[in-house]
Every structure is written in structure tokens, then in C-alpha cells.
Amino acid sequence: MRTHYCGTLQASHLGETVTLFGWVDRRRDHGGVIFIDLRDRTGVVQIVSDPERTPVSYPQADPLRNEYVVKVQGRVSQRPEASLNPKLPTGEVEIYADTIELLNAVRKPLPFQVSTADVEPVREDLRLRYRYLDLRRERMAHNMQIRHGVIKAMRRFLEDDEGFVEVETPVLTRSTPEGARDYLVPSRVNPGEFYALPQSPQLFKQLLMVSGLDRYYQIARCFRDEDLRADRQPEFTQLDMEMSFMDQDEILALNEALVAHIFQTVQGRDIPQPFPRLTYAEAMDRYGTDKPDTRYGLELVDVSDLVQDCGFKVFSGAVAAGGIVKVLPIPGGNEQISNVRIKPGGDLFKIAAAAGAKGLAYIRVRAEGAIDTIGAIKDNLAPDQMQELLSRTGATEGTLLLFGAGPTDIVNATLDRVRQAIAKEMDLIPADQLNLLWVTDFPMFEWNEDEQRLEALHHPFTAPHPDDMDDLGTARAVAYDLVLNGYEIGGGSLRIYQPEVQQRVFDTIGLSTAEAQDKFGFLLEAFEYGTPPHGGIAYGLDRLVMLMAGEESIRDAIAFPKTQQARCLLTQAPSSVDEAQLKELSVASTYDPEADE
RNA sequence: GGGCCUGUAGUUCAAUUGGUUAGAGCACCGCCCUGUCACGGCGGAAGUUGCGGGUUCGAAUCCCGUCAGGCCCGCCA
């Protein structure tokens with residue numbers, strides 16, 4: 001049947017008789033000669049038909065329309081000099097069609113034009129409803145190809161080079177405390193009881209280490225019933241890995257080689273190794289976030305010590321209350337950013353307010369180091385303090401200094417968001433750059449204000465740093481995140497493998513012994529039978545593919561994604577079910593469409 | 001749970017800011033065209049302006065509600 005894919009034909013095939021299958025991407029009828037761009041997943045090639053050279057196919061080409069499925073038999077020919085198309089990979093050749101067979105027509109109006117959707121974007125709800133058409137587009141087909149390439153590269157590297165074994169873990173598993181909301185599945189056989197879909201294979205992969213699997217990986221589907229974002233879907237795919245008898249440096253080095261291999265095989269891009277590392281503390285200090293985008297500068301500068309005794313109460317008061325004062329210096333910001341935008345009602349003010357800040361103080365640096373700011377700041381900073389401020393922030397003429405003052409987490413969140421907004425606006429982000437970095441030494445726990453308790457920042461099986469065992473409450477974890485251009489694309493840790501340490505962690509997060517036994521008894525018990533030191537990592541595959549494809553939405557890296565309301569517009573899931581189905585499952589819905597809440 | 005944005009022909013957009021019969025490109029239909037490649041030319045058909053209500057002499061435009069999609073906050077160990 002088929003001898004070649006459309007997009008692969010080139011001068012080396014000249015003279016060959018080929019059989020092609022594909023879709024009509026476009027048809028150009030010149031009255032005496034008809035051109036058809038024939039498309040398959042590899043690309044497009046031009047089919048030519050005219051009454052003299054291809055008398056049989058000419059009438060067959062006449063009724064063809066966009067997206068018809070056809071079979072073409074013809075000869076690969078050199079295009080005339082004047083008709084070469086350097087924009088097409090196949091632009092040196094064209095196919096003289098001996099015969100064209102219509103295999104299937106389009107019987108309804110197309111919801112959108114496949115051939116031009118790459119240049120004239122289509123509403124996303126339409127794309128999702130007719131996803132099978134959307135996936136015909138070159139851009140989406142390309143993204144799916146990247147995704148496949150990434151998975152393939154992962155498998156080759158891990159299996160062939162590093163001796164990893166792929167193991168599938170259950171999708172019907174049990175609900176565990178901590179973490180995201182679970183998707184639940186009622187058990188028919190066990191009325192009143194529920195499975196949960198896994199948020200990750202975390203516990204199983206640790207058990208596999210107890211089993212001696214030594215090096216495990218899985219392309220694993222994970223489920224979290226939380227609200228969606230441009231980079232978050234309720235079901236998503238992880239590259240999940242776990243290995244025994246390796247320390248952090250060995251694990252990071254292996255993963256650097258893996259990531260470099262992926263970029264090299266899929267895109268031919270060299271990633272320098274080792275990747276830069278930042279501790280969590282450094283990242284928060286310099287960028288205000290644990291996943292900094294380091295493709296541009298705009299680093300934060302802590303000036304708490306400088307202003308703690310000054311007369312400007314917003315600054316000194318923040319420090320006195322245990323908070324901090326930090327500066328975001330913006331070279332050229334005077335020109336770019338007006339006062340109106342910083343003051344109440346302005347867009348930058350709103351960004352700051354949304355992060356919890358009361359406002360943004362500012363200083364504009366003019367010629368000769370002159371200062372332009374509100375009186376309350378000007379009058380309360382001594383000349384030498386001002387000088388020190390300028391020197392620490394590297395401010396020169398034209399620099400705008402934006403201040404965050406208050407509780408540490410609010411200041412960091414505020415300046416992080418403002419930093420990102422400004423980098424985007426001032427076009428400071430080099431589009432083709434890949435900045436991979438490790439963030440290490442995360443704290444074990446963070447305070448949950450709502451529940452008035454510590455909770456695990458990573459997850460409760462993360463090993464505390466050996467130097468910090470005396471006080472777990474403030475301990476660092478042996479945990480690491482891989483950050484790419486401001487996105488967390490992977491994260492992992494060394495795990496606890498001694499039951500007594502695990503018990504101490506459960507104690508710290510306020511998980512009672514009884515509850516720990518109930519929820520994780522099987523894990524604790526397994527740890528009694530000879531558990532190797534182990535650790536691992538999991539990558540957000542969809543997010544990685546999104547970034548590699550240059551997309552801004554995770555949906556463009558997933559074949560059949562869900563909308564922000566977690567709906568599938570193609571299948572109309574979720575849907576109501578028969579009463580009989582519910583009854584069989586011993587489940588009743590409490591949903592009341594009439595109720596106000 | 002909350003904030004912001006969007007919804008007009010199959011589709012992508014427009015409609016002088018409340019005023020005549022809601023327009024244009026592509027797609028579709030018909031005619032013409034032998035070197036185009038987002039081909040071109042002439043003509044045609046195509047509209048519940050998401051849906052419901054209200055204000056007004058008059059609503060795509062203003063108001064209220066509702067549905068759908070997007071971005072964000074909260075949430076996401």
C-alpha cells in the first residue's frame with residue numbers, strides 16, 4: 001500500500017513511483033492545473049495534476065476539498081526552478097499524480113480550518129470539542145511527537161544505560177492523609193468503601209525498594225482533585241523514579257545525565273552539566289521563590305539591616321515585627337514604569353496587593369545619584385544609608401527601586417510576582433534559553449495557619465538532613481526540585497528508611513500513632529524487614545513537554561486535556577449516571593441543584 | 001469560594017461607542033483561470049449577536065441573571 005510518508009519526500013526520491021495516503025491540506029485550482037497539498041503526520045507534499053501530463057487524475061482531483069482523505073499514486077518529480085518552495089521541507093519536489101482515489105469525503109462543514117489554524121488561532125473550546133481535528137494540525141502533531149520522543153528517550157536512557165526496571169503500580173489504591181484532594185472510586189464489592197486514585201505512586205515505589213528492585217521507574221498517571229491552571233491538569237503524567245543505595249549527589253548527577261539525554265535526543269540541544277544549584281534559602285533570598293526563573297536578572301536585595309532603625313515606620317516597623325525589607329531594583333524602570341502603576345489602583349499595586357502586600361514603596365534614581373521618592377522616605381534615610389542602598393542594589397541613573405516591607409513570606413511573594421511581571425513587560429526573557437537548576441535543602445515543614453500545625457513541605461516520607469536531627473521542626477530536608485525557566489518540572493528526596501525516624505516525623509506533623517498505623521501501617525511495617533536507604537524523584541512530564549514545545553499551556557502537551565472546569569469537551573465527561581449504577585455501588589448523591597450553596 | 005477577560009455567519013474578526021437592511025477575509029456553492037503554495041478574479045448562499053430578562057422610541061452595544069471558555073488568587077504533601 002503506502003510507500004512513503006508525505007513529509008519525507010525529497011530530491012533523493014526523484015523518479016520513483018510512490019503511493020501516498022493523507023488528507024487534503026489545501027487545494028489550488030488554476031483551471032488547467034490543480035495543486036493539492038497532501039498532509040499526513042510527517043508533513044505536506046505537493047501533488048500536481050493537469051489534463052495533459054496526468055489525464056487520469058485530473059478529473060479525480062477536481063472534486064477534492066480540504067480534509068478529504070485520498071490515496072495518490074504518482075511520480076516524484078523535480079519542481080521547475082521558478083516553483084521551488086524553500087519554506088517546505090519537501091519543496092524541491094512534487095508528485096505528478098497518475099491516479100487519485102477519494103477514500104473519504106468531509107460530509108459536514110468543518111468546525112475550523114485545519115490548514116490555517118496554526119496562523120489564525122481558533123477558540124480553545126472548539127479545538128477541545130473537535131480535538132481529533134486539532135491534533136491534525138502541524139503544531140499539535142509536532143507537540144505529540146515531542147511528547148513521544150521525550151518518553152522514548154527516558155525509557156532508552158533509564159533501561160538501556162542505567163538498568164532501571166519499569167513497574168506498574170495500582171491505580172485503584174487507598175486514600176491517604178496530607179496532600180491534595182483525592183479522586184475516589186466506590187467499591188461495589190465492598191459497599192461503603194472507596195478506592196482513591198493515586199496522587200503519585202509514592203508509597204508503592206518505596207515498597208519496591210524494600211523489595212530490592214533497586215532501580216524503579218514508571219511513566220505514571222497521577223490524579224489530584226484540585227483547581228486547574230495553565231500548567232496544572234487533574235490527571236497528569238509523571239516520570240516516577242526511585243533508587244536504592246545512592247546519595248543525593250549521585251541521584252542528581254544521574255538525573256542531569258537523563259535530562260541532558262532527553263534534550264539531546266529530542267531536540268539536539270546541549271545542556272551543560274552539572275546544573276547550577278541553589279539552596280532553598282538562597283532561592284528565597286535572591287528571587288523570593290523556590291522556583292526562580294534565572295534567565296534574567298532583577299535579583300532581590302535584602303536591606304532589612306540597613307533600614308531597621310530608620311524613621312520610616314513602614315520599613316523599621318516591618319523589621320521590628322520580625323519581617324523583612326527587600327528591594328527589587330529595575331534598571332531602566334524609571335522610563336518604563338510610571339508612579340500611577342505603583343500607587344493604589346495601578347496594575348503593579350494590584351499584583352502586590354494580591355500577594356498580601358499593603359503597597360509598594362519606591363525610589364527613583366536620577367542623574368548623579370539624586371533620589372526621587374516620597375517625602376517620608378527621603379526625610380528618614382541618612383545620606384550614607386542612601387549611598388549604601390544604591391551601592392547594594394547596584395542602582396544607577398534610571399533605576400527604579402521597588403520595596404517590599406512586611407512579613408517575610410508576603411514580601412517574597414510580592415516581589416517574586418512583580419519581578420516576573422516586569423521581566424515579561426520589559427522583554428527581558430530570552431526566548432530560546434533553557435535554564436535548568438536544582439533547588440536543594442528545603443525545610444522539612446511549614447506552618448499551616450488554618451490547621452495550626454506543621455505540615456510536610458514535600459511529603460512526610462522525606463528524610464531530614466542528618467545535621468538537623470535534634471530539632472525536626474526546623475530541620476532541612478534532603479529534598480531537591482528541578483526548575484526549568486521558572487517552572488518546577490521535577491522534585492524528589494532521599495526517604496526515611498528507619499521506622500523510628502518516620503515515627504518522629506509523624507509526631508511532628510501531629511499524626512497520631514494510631515492514625516499513622518491506620519493510614520501507613522503497611523509502610524511502617526515494611527520498614528521493619530530490612531529497608532535499604534533509598535531516594536527518588538518524579539518529573540511532571542506534561543509540563544516538561546509544554547516547555548520543550550514552547551507552549552504556554554499544559555493542554556497543548558496533552559492529547560485530550562480537560563478545561564479549567566475539569567470537563568472533557570469531547571466526551572462530555574463528567575456526566576450523570578443511572579440511578580441503578582449508583583445503587584449498585586451503594587452510593588447516593590447529595591447534590592441539590594436548587595440549593596444556594 | 002473569589003477577581004479579571006472573552007462569547008457576533010461554519011470560522012477568524014469588524015460594526016464610527018445606543019441609531020438605516022449587522023459587514024469583511026477564509027471555508028462552502030456556481031462560473032473563470034496551466035505554476036500556485038494562506039494562488040487569483042467574478043458572483044452567490046450563509047446571523048436566535050451564547051441563553052433569559054430588563055432599561056429605551058430604538059440594544060450586538062447599557063443593566064441584572066445564567067451558561068460556556070480563558071487567565072489569576074485561594075487550593076495544588
Side-chain angles (χ1 to χ4, degrees), chain A residues 25-38 44-54 58 65-67 79-88 90-91 94 106 108-130 133 176-182 199-200 202-203 222-234 236 347 350-351 353-356 413 417 420-421 442 444-446 448-451 454-462 477 479 488 491 493 505 509 511 538 540 552-553 555 562-565 567 569 597:
Chain A
D25 192 62
R26 288 194 91 78
R27 172 177 169 279
R28 291 176 295 279
D29 185 347
H30 288 256
V33 59
I34 294 172
F35 299 102
I36 289 162
D37 289 338
L38 188 67
V44 161
V45 69
Q46 176 163 284
I47 312 293
V48 190
S49 185
D50 69 44
E52 282 141 38
R53 287 173 292 195
T54 58
Y58 185 69
R65 295 294 180 270
N66 292 349
E67 302 309 316
R79 286 195 185 197
E81 187 70 31
S83 296
L84 297 174
N85 186 350
K87 286 188 286 186
L88 277 182
T90 60
E94 58 193 1
V106 172
K108 299 174 66 177
L110 287 166
F112 55 87
Q113 287 300 312
V114 174
S115 58
T116 54
D118 282 327
V119 282
E120 191 172 79
V122 179
R123 286 184 64 89
E124 190 160 2
D125 45 355
L126 261 189
R127 293 176 52 202
L128 293 175
R129 170 142 180 237
Y130 300 95
L133 291 179
T176 51
E178 302 280 304
R181 201 174 287 117
D182 284 321
Q199 297 178 26
S200 79
Q202 184 62 36
L203 298 176
C222 305
F223 307 86
R224 295 179 190 176
D225 186 5
E226 297 293 346
D227 285 344
L228 287 74
R229 288 288 186 279
D231 64 346
R232 270 168 28 194
Q233 283 272 305
F236 61 101
D347 61 322
K350 284 179 184 164
I351 291 173
R417 290 184 202 176
Q420 291 188 54
F442 281 80
M444 283 287 287
F445 307 103
E446 66 183 347
N448 183 321
E449 194 60 40
D450 292 338
E451 299 181 21
L454 289 173
E455 62 183 11
L457 190 71
H458 203 66
H459 56 59
F461 316 106
T462 299
E488 181 200 326
S493 63
V505 168
I509 61 174
L511 194 68
E552 293 191 343
S553 166
R555 295 183 299 277
K562 298 193 172 40
T563 69
Q564 197 156 55
Q565 297 307 312
R567 292 193 158 277
L569 297 183
E597 287 181 311

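Here is the naming used below: chain letters follow the sequence lines, and residue numbers restart at 1 for every chain.
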Going by side-chain contact (heavy atoms from CB on, under 4.5 Å), name the residues that satisfy it together with [X], two or more places apart in sequence or in a different chain.
| X | result |
| --- | --- |
| S553(A) | R555(A), D556(A) |
| Q199(A) | A180(A), D182(A), R224(A) |
| E488(A) | K291(A), D481(A), R543(A) |
| Q565(A) | T563(A), R567(A) |

Ranking G69(B), C76(B), G70(B) by distance to the side chain of Q564(A), first place goes to G70(B)

Given the [atom1] atoms of [N] and [M], what is the spacing between them in whole Å?
| N | M | atom1 | result |
| --- | --- | --- | --- |
| U8(B) | G70(B) | P | 16 Å |
| G25(B) | C39(B) | C1' | 15 Å |
| C26(B) | A22(B) | P | 22 Å |
| G18(B) | C62(B) | C1' | 8 Å |
| A59(B) | G52(B) | C1' | 15 Å |
| C64(B) | U20(B) | C1' | 30 Å |
| U16(B) | G10(B) | C1' | 28 Å |
| C42(B) | U61(B) | C1' | 35 Å |

My understanding is that a pair needs two contacts under 3.5 Å, Watson-Crick or G-U wobble. By that rule, which nucleotide pairs with [N]?
| N | value |
| --- | --- |
| A22(B) | none |
| C28(B) | G44(B) |
| A68(B) | U6(B) |
| U16(B) | none |
| G74(B) | none |

Would you mind classifying the nucleic acid contact of [X] as base, sugar-phosphate or nothing, using non-hydrogen atoms under 4.0 angstrom?
| X | result |
| --- | --- |
| I34(A) | nothing |
| S200(A) | base |
| L228(A) | nothing |
| I509(A) | nothing |
| R555(A) | sugar-phosphate |

Between [N] ([atom2]) and [X] ([atom1]): distance, integer Å:
| X | N | atom1 | atom2 | value |
| --- | --- | --- | --- | --- |
| F112(A) | A27(B) | CZ | P | 16 Å |
| Q565(A) | G1(B) | CD | P | 10 Å |
| Q420(A) | C71(B) | CD | C1' | 14 Å |
| D231(A) | C72(B) | CG | C1' | 11 Å |
| D25(A) | A27(B) | CG | P | 12 Å |
| D227(A) | G3(B) | CG | C1' | 14 Å |
| K562(A) | A68(B) | NZ | C1' | 18 Å |
| L133(A) | G10(B) | CG | P | 17 Å |

E94(A) meets the side-chain hydrogen bond (donor to acceptor under 3.5 Å, both in side chains) criterion, sequence neighbours left out, with Q46(A)

**Message:** Evaluate F461(A) against V505(A) for side-chain contact (heavy atoms from CB on, under 4.5 Å), listing each step before the verdict.
**Reply:** CA-CA 8 Å; F461(A) 316 106; V505(A) 168; over 6 Å; no

- Between R123(A) and C5(B), does any side-chain N or O lie under 4.0 Å from OP1 or OP2? no

- Would you call R26(A) and T116(A) a side-chain contact if the rule is heavy atoms closer than 4.5 Å? yes

Once base and sugar-phosphate atoms are separated, protein heavy atoms under 4.0 Å mark nucleotides 28-41 of chain B, 5' to 3', with B, S and - as SS---BBBBBBB--

Check your understanding: Are H30(A) and F35(A) close enough, and set up right, to give a side-chain contact (heavy atoms from CB on, under 4.5 Å), and what steps lead you there?
Key -> CA-CA 8 Å; H30(A) 288 256; F35(A) 299 102; 3.7 Å; yes

With syn defined as a glycosidic angle within 90 degrees of 0 and anti as anything else, the base of U17(B) is syn

Nearest-nucleotide check on RNA chain B, E552(A) vs G179(A); residue mapping nearer the 5' end is E552(A)

Derivation and outcome, salt bridge (charged side-chain N to carboxylate O under 4.0 Å, His left out), residues R28(A) and D37(A) = CA-CA 8 Å; R28(A) 291 176 295 279; D37(A) 289 338; 2.9 Å; yes

NZ (K562(A)) and CG (L128(A)) are apart, to the nearest 0.5 Å, by 10.5 Å

| query | Side-chain donor or acceptor of R229(A) under 3.5 Å from a matching atom on the base of G74(B)? | reply | yes

